[in-house]
Every structure is written in C-alpha cells, then in structure tokens.
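Here is the structure we will look at, set down as structure tokens.
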Amino acid sequence: MRVLLDQTLCAAHGDCVVAAPKIFDLDDDDDFARVLDENPPEDSRAEVELAVRVCPVGAITLQE
C-alpha cells in the first residue's frame, strides 16, 4: 500500500494526524499535512483507511 497526499487539496484540518499519527503529521512551516511513511506496514492499514475517510477535502488516497 502506498499513501498519497495531494498538497493542493490539503487544508490542514489535522484529522489524518488524529486517525493515523504514525503516518501523518502537520508541517510546522506551512501548516499542511505531510506523510511520514509513504509505504506503511500492513498493520497500519485500518488507521490509514480511516484517515482517507475522515479527510474533509479528500486529499488522501491509497494505491495498492
């Protein structure tokens, strides 16, 4: 699984960080989310899928 974050859509709501704190963080410089691990382990799948669902602007996608 590969995590993709569209920075042009990101509005820094931070819901992804709450859902998957080991995978996402908010950048201190520009207040956008960033992906900490683009290829997280399979045991993180549920958290990443939750982050995709809760992102209010649809900026996160998964590739298999």
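Note that CG of Leu5 and CZ of Phe32 are 10.0 Å apart. Values are rounded to the nearest 0.5 Å. For the atom pair CD of Glu49 and CE of Met1, the computed distance is 7.5 Å after rounding to the nearest 0.5 Å.
Ile60 approaches Cys16 most closely through the heavy-atom pair CD1-CB, 3.5 Å. When every heavy atom of Ile23 is checked against every heavy atom of Pro40, the shortest pair comes out as CD1-CB, 3.5 Å. Residues Gly58 and Leu9 approach most closely at O-CD1, 3.8 Å, considering heavy atoms. Heavy-atom minimum distance, Val3 versus Asp37: CG2-O, 4.2 Å.
When hydrophobic clusters are built by joining Ile, Leu, Val, Met, Phe, Trp and Tyr residues whose side-chain heavy atoms come closer than 4.5 Å, directly or via intermediates, Val52 is grouped together with Val35. Taken together through direct or relayed side-chain contacts under 4.5 Å among Ile, Leu, Val, Met, Phe, Trp and Tyr, Leu50 and Leu26 form parts of separate hydrophobic clusters.
Applying the salt bridge (charged side-chain N to carboxylate O under 4.0 Å, His left out) test to pairs two or more places apart or on separate chains, those with a residue in residues 55-64 are Arg45-Glu64. Here salt bridge (charged side-chain N to carboxylate O under 4.0 Å, His left out) pairs that include residues 6-27, with residues two or more places apart or in two chains, are Asp25-Arg34.
A 4.5 Å side-chain heavy-atom check between His13 and Cys55 finds every atom pair outside the cut-off. No side-chain heavy atom of Leu4 sits less than 4.5 Å from a side-chain heavy atom of Leu62.
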